[in-house]
Amino acid sequence: MANVLRVPKLDLPAVLNQQNPQIDLRLEAYEVSTRNFIKAVSNYTQRAVTEITNRKNNFSGEKKKITEKTQQVEAETNQCKLKEIELIAVLDKEQEEKKESEASVATFRRQLASIKEKCASLDAEIELHRRNVTNLMRERKREESILNAHASRTHPEVAACEDRLKCAIEGIDKDKILVRFSHIDPDDRKAEFTFVLDVSSRAYKVPTTTPYLPILPLLLDELNASRDIYAFMRRMRQAFCELVEQGR
């Protein structure tokens, strides 16, 4: 029996709490598994049909030989009545061969019935996979609807945060967030102060800041202790403001 693709349990709250929610549906692995299964079923069916055909041809050949022998015996019987006892023995032998042939036919019929039963089982498995695919597609649409609804609710909050902090937030690379602040330098309101937040592991990191902040290690320690990214963003903006004031 083919292995059934099992989808791991989805922890939806954990996904929604991520900065950039993503769900790995493993469609490629599922498609590869389905193609392999269909190919295996096709190969198995082809081999079964070939085996049945070969056995049928062998049986026809054996039956033809028996017929030829019977005709030969009848000709010899008409030509020589004196060999009747010998011919009876030959006929008995032919009857035995006939029984063996009938036994072979019965065996072939049982094998054919077994093959049909296996085909029926495979059809049931295919139908089960089809139902599973339908259920997975339905679940995927439901999850997409939930994600879209969540995105529509969180978008105004992100926009309000960006407007209040005078910053822009965007995802870059994998599991990294670029935050750009403006309106910090009174002499140049358009000047940008930026940092990149790496959220790929439990311990948050800031690989780059522009300009460099001497108190960044302290701010990172506070972030990893509190897990409050929004508070960290406010502290980063405050630190940039203090850096500008110190440089004036």
Side-chain angles (χ1 to χ4, degrees), residues 1-59 104-159 161 169-178 196-205 227-230:
M1 183 180 294
N3 291 330
V4 179
L5 179 64
R6 298 189 180 277
V7 180
K9 183 178 180 181
L10 176 64
D11 188 356
L12 185 58
V15 174
L16 297 179
N17 287 332
Q18 296 177 2
Q19 186 68 22
N20 295 311
Q22 293 182 352
I23 298 176
D24 184 9
L25 298 179
R26 302 187 178 179
L27 293 179
E28 182 178 357
Y30 173 74
E31 292 173 354
V32 170
S33 176
T34 302
R35 287 196 298 269
N36 290 339
F37 175 76
I38 293 176
K39 182 178 179 181
V41 171
S42 177
N43 291 339
Y44 178 84
T45 304
Q46 185 63 36
R47 290 196 300 270
V49 172
T50 302
E51 181 64 18
I52 292 172
T53 302
N54 291 339
R55 293 183 178 183
K56 181 180 179 181
N57 292 337
N58 292 337
F59 172 72
S104 297
V105 172
T107 300
F108 293 150
R109 287 177 177 174
R110 287 193 298 270
Q111 291 175 348
L112 178 59
S114 176
I115 292 173
K116 289 181 177 179
E117 183 178 353
K118 291 180 179 178
C119 289
S121 176
L122 290 175
D123 289 339
E125 290 184 16
I126 292 173
E127 183 61 28
L128 176 61
H129 283 297
R130 286 175 178 171
R131 289 197 297 269
N132 290 337
V133 169
T134 301
N135 293 334
L136 288 174
M137 292 298 295
R138 187 183 301 110
E139 183 66 18
R140 178 184 177 186
K141 290 181 179 179
R142 187 182 70 82
E143 292 173 354
E144 288 179 351
S145 176
I146 292 174
L147 290 176
N148 290 334
H150 179 71
S152 65
R153 290 194 303 268
T154 57
H155 180 72
E157 297 177 4
V158 174
C161 180
I169 305 171
E170 60 181 294
I172 59 173
D173 296 334
K174 182 180 181 181
D175 299 326
K176 292 182 180 179
I177 302 172
L178 172 63
V196 174
L197 180 61
D198 186 346
V199 296
S200 60
S201 63
R202 180 166 180 78
Y204 295 128
K205 302 175 184 178
R227 317 299 296 175
D228 190 342
I229 294 179
Y230 293 108

Report task. State the CD-CZ distance between Glu125 and Phe37, to the nearest 0.5 angstrom. Result -> 5.0 Å

Query - Contact list for residues 40-53, test salt bridge (Lys or Arg N to Asp or Glu O under 4.0 Å), sequence neighbours left out - result: Glu51-Arg55

Query - Distance-minimising heavy-atom pair for Asp198 and Lys176 - result: OD2-CE, 3.9 Å

Requested in this report: Please confirm whether the backbone N or O of Val41 pairs with a side-chain atom of Thr45, one donor and one acceptor, at under 3.5 Å?
Outcome: yes

Query raised in the report: Rounded to the nearest 0.5 Å, how far does OG of Ser42 lie from CD of Gln46?
Result: 7.0 Å

**Report entry** Gap separating the CD1 atom of Ile38 from the CG atom of Asn43, nearest 0.5 angstrom
**Finding:** 12.0 Å

Query raised in the report: Say you draw a straight line from CD1 of Ile115 to CZ of Phe108; how long is it, rounded to the nearest 0.5 Å?
Result: 11.0 Å

Query raised in the report: Would the number of heavy atoms belonging to other residues, nucleotides or ligands and lying under 6.0 Å from CD of Glu127 be above 12?
Result: yes

Requested in this report: Would you tell me whether Thr134 and Arg131 have side-chain atoms, one donor and one acceptor, within less than 3.5 Å of each other?
Outcome: no

Query - Gap between atom OG1 of Thr34 and atom CZ of Arg130 - 0.5 Å precision - result: 11.5 Å

Requested in this report: Output, in order, the C-alpha distance, side-chain angles, deciding distance and verdict of side chain to side chain contact (heavy atoms under 4.5 Å, CB included) for Arg227 and Arg202.
Outcome: CA-CA 9 Å; Arg227 317 299 296 175; Arg202 180 166 180 78; 3.7 Å; yes

Query - Nearest-0.5 Å distance, OH of residue Tyr204 to CD1 of residue Ile229 - result: 4.0 Å

